[in-house]
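Proteins get letters first, then strands, A, B, ... in listed order; numbering begins at 1 in each. All heavy atoms count here, side chains included; hydrogens, waters and symmetry mates do not.
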There are 2 protein chains.
Amino acid sequence: MSTIRDVAKRAGVSTATVSHVINGTRAVSGQTRLLVVQAMKDLNFVPSALGRGLRTNSLKTIGFVAADLTNSFFAHVFRGVESRARESNYTVIVSHSDEDVGHESEAIQNLIAKGVDGILLAPVRSGPDDAEFYTEFSVPIVSYDRRLSAVNIPSVVTNSQDAVGEAINFFKARGHERFALIAGKQGLSTTLERGQGFEQAANPHRHWVFYGDSRYEGGVHAARWLSEQPVRPSVVLVGNNLMAMGLVVTLQEHYPEILSSTVLITIDEEPWTSFVRPPLSVIVQPTHEIGVTAADLLLQRIHHAEVPLLTTLPCRFVARSDPVTVSHPLPDYESGPAS
Amino acid sequence: MSTIRDVAKRAGVSTATVSHVINGTRAVSGQTRLLVVQAMKDLNFVPSALGRGLRTNSLKTIGFVAADLTNSFFAHVFRGVESRARESNYTVIVSHSDEDVGHESEAIQNLIAKGVDGILLAPVRSGPDDAEFYTEFSVPIVSYDRRLSAVNIPSVVTNSQDAVGEAINFFKARGHERFALIAGKQGLSTTLERGQGFEQAANPHRHWVFYGDSRYEGGVHAARWLSEQPVRPSVVLVGNNLMAMGLVVTLQEHYPEILSSTVLITIDEEPWTSFVRPPLSVIVQPTHEIGVTAADLLLQRIHHAEVPLLTTLPCRFVARSDPVTVSHPLPDYESGPAS
DNA sequence: TCCTCCTAGGTAATCGTTTACGCGTAAACG
DNA sequence: CGTTTACGCGTAAACGATTACCTAGGAGGA
């Protein structure tokens, strides 16, 4: 590997000039530039990110901490992040939190030790007091999926609260009168907001809320719980795709009559939601766009620009069950492409 | 952020001593060690990965290039990679190739410019001549999913060739006599090997091979092709999960009678393969283990150890269709946990 | 007593960049 | 013709760690 000094020697100029040619940070005559460029080609010189990083104190790297990349929500967000990052020549280091505060702390520490310029995360802590945790770090942080804007950390979220209401209203308008929500992990801002959206829309009709754990097992428990109700909801909204899976599998196996007689709605599109019979209606979040936006905000903060504390992206509601297949955009928003 | 010099000053020792305390590279008296440790705590000092990296020419970082993390195969492999990497205090930078040679080149270049210590990839080029491309780089490379061992690059693959044969034989033994393979992208070692496994097992019975493109659309085309055959196979093995999805969706919508009358087998477990009716049989690759193993080999190569040129991991065949649900381990192998 | 060896720890060069200064030369201006 | 301004470029000091080399003192052996 050749260094900037080799290039300088071969071109007969100083390292300063080579550096300025590379970065366009100072006027260089056409002659000299040509010499330098040629020398770089000859030696096929690639500037060392380390040397540069040490000097500028920036590796052009950001950290992305996901709960679990195996969950397609995070995978799609990540693709958005990566594509935006690459546009600006940043690379992305990925870590997992697995929804565990310990893992999350560790991940953040490691990322900072690696010299990332900023961090993107779906915070596991979101109680208003607990959230101050995130304000202590030496690099800019942007939160996605979950709101943290109370503590001065920019957040990118969706209007899933409205979308939940919209979905319930959709079926209310078609005569349904008994609604259930299988809610996610308590404490997350998404769980709270979706719960509120649900309550509002379901009132004054009869409605139930079951608190799952945001994992597959939560869906299994929900299925059992559902089967035990003397009077059952005709519309069930599941707050996350893992629980939806657990629910559908369990119903399919043990309570097929419930599966065929109730309308199921879930959040986040997955291939199977349209395969399963009956198909699930779904609230589609603009996952790719979440990633792009969050990365964009983070890069801006890294360059010390002011950014809005809260960015809300629109969901799209796709009704697939009862009685026909309709795509129903939310009011006041362009329906965003899932891309 | 405090530096090693601050620590040295506060502890009343030299930077060399601090460094040796941190890395355990030289004997240091208990007294001194205590002083240093205390000073580090006081300043909550974290060694800069950049400074260290510049000196040692290693950032303890590896690159992982996937075709598409949104494909759960790659997501699971990645989790394996990351967990193994973290054990050794390495972090992972992710890039996408999207099965495109241009993107792949770019990704590799970028990773090297970022100073990664090694690269893990599912090579897009795999023709025996073409594959020499990968031998030119200045950092160690390990290939996963696809074989590259012909050109002296260690590869981690599965015995999917045998597994394909096994699956065909399973249904042959139950009386089936007409088999089709929907093959993946031509040129990939997996496509070639699975094709061979299929040919061998299907002979001397009647059999068909349709070449898809390894993407969703390939499955759609395959469905159309299937519907046009005057005599149709009773068992169809699809070489990749995206094509399987395209196939099932299209059949479900336009040719439900084909869907219900043929046995479908696919590769790689996905939630929907068990939800759809009839459920698909599936050849399960040990994705997590692929990642762990590949990362392990790469780390060994980084530390200049010799590693085997080819590592083959066992698949597991799960029969779900026709006539009963059986889990059928391949002979000569422990069935690996999907973890 | 003298030599050797071991232990503990300091000095300073080094990794590959960026960048604050400084220095000529030549054009422009009065 | 002197003075300013601009331009083009080089010198060398950082950035934060690691590490080859050196020093000093004490223990042990002959």
Next item on the list: Would you indicate, yes or no, if dT18(C) has its OP1 or OP2 atom less than 4.0 angstrom from a side-chain nitrogen or oxygen of Arg52(A)?
Entry: yes
Notebook entry, point to check: Pick the nucleotide of DNA chain C nearest each of Gly51(B) and Ala16(B); which residue has the one closer to the 5' end?
Noted result: Ala16(B)
Item checked: Pair of N/O donor and acceptor under 3.5 Å linking dT17(C) base with Arg55(A) side chain -> no
Check: Do Arg79(B) and Glu82(B) sit within salt-bridge range, that is, some charged N less than 4.0 Å from a carboxylate O?
Finding: no
Item checked: Sidechain N-carboxylate O distance under 4.0 Å for Glu104(B), Arg125(B) -> yes
Using whole Å, report how far [atom1] of [X] lies from [atom2] of [N].
X: Leu59(A); N: dC15(C); atom1: CG; atom2: C1'; answer: 14 Å
X: Lys9(B); N: dT11(C); atom1: NZ; atom2: P; answer: 12 Å
X: Ile4(A); N: dA12(D); atom1: CD1; atom2: P; answer: 17 Å
X: Lys114(B); N: dT17(C); atom1: NZ; atom2: C1'; answer: 14 Å
X: Arg26(B); N: dT19(D); atom1: CZ; atom2: P; answer: 12 Å

Closest approach to the side chain of [X], judged atom by atom: which nucleotide of [options] is it?
X: Thr56(A); options: dA17(D), dC9(D), dT18(C); answer: dT18(C)
X: Thr15(A); options: dG16(C), dG16(D), dA12(D); answer: dA12(D)
X: Thr32(A); options: dT18(C), dC9(D), dT18(D); answer: dC9(D)
X: Ser48(B); options: dT18(C), dA8(C), dG16(D); answer: dG16(D)

Check: When we call it a touch if two heavy atoms are under 4.0 Å apart, what does Val46(A) touch: a base, just sugar-phosphate, or nothing?
Finding: sugar-phosphate
Check: Reckon Val18(B) touches a base, only the sugar-phosphate, or nothing at all at heavy-atom distances under 4.0 Å?
Finding: nothing
Next item on the list: Provide the Watson-Crick or G-U wobble partner of dT4(D), both distances under 3.5 Å; none if there is no partner.
Entry: dA27(C)
Check: Between Val7(A) and Met40(A), which heavy-atom pair has the shortest distance, and what is it?
Finding: CG1-CG, 3.6 Å
Item checked: Near-ring test Phe73(A)/Tyr144(A), centroid separation under 6.0 angstrom -> no
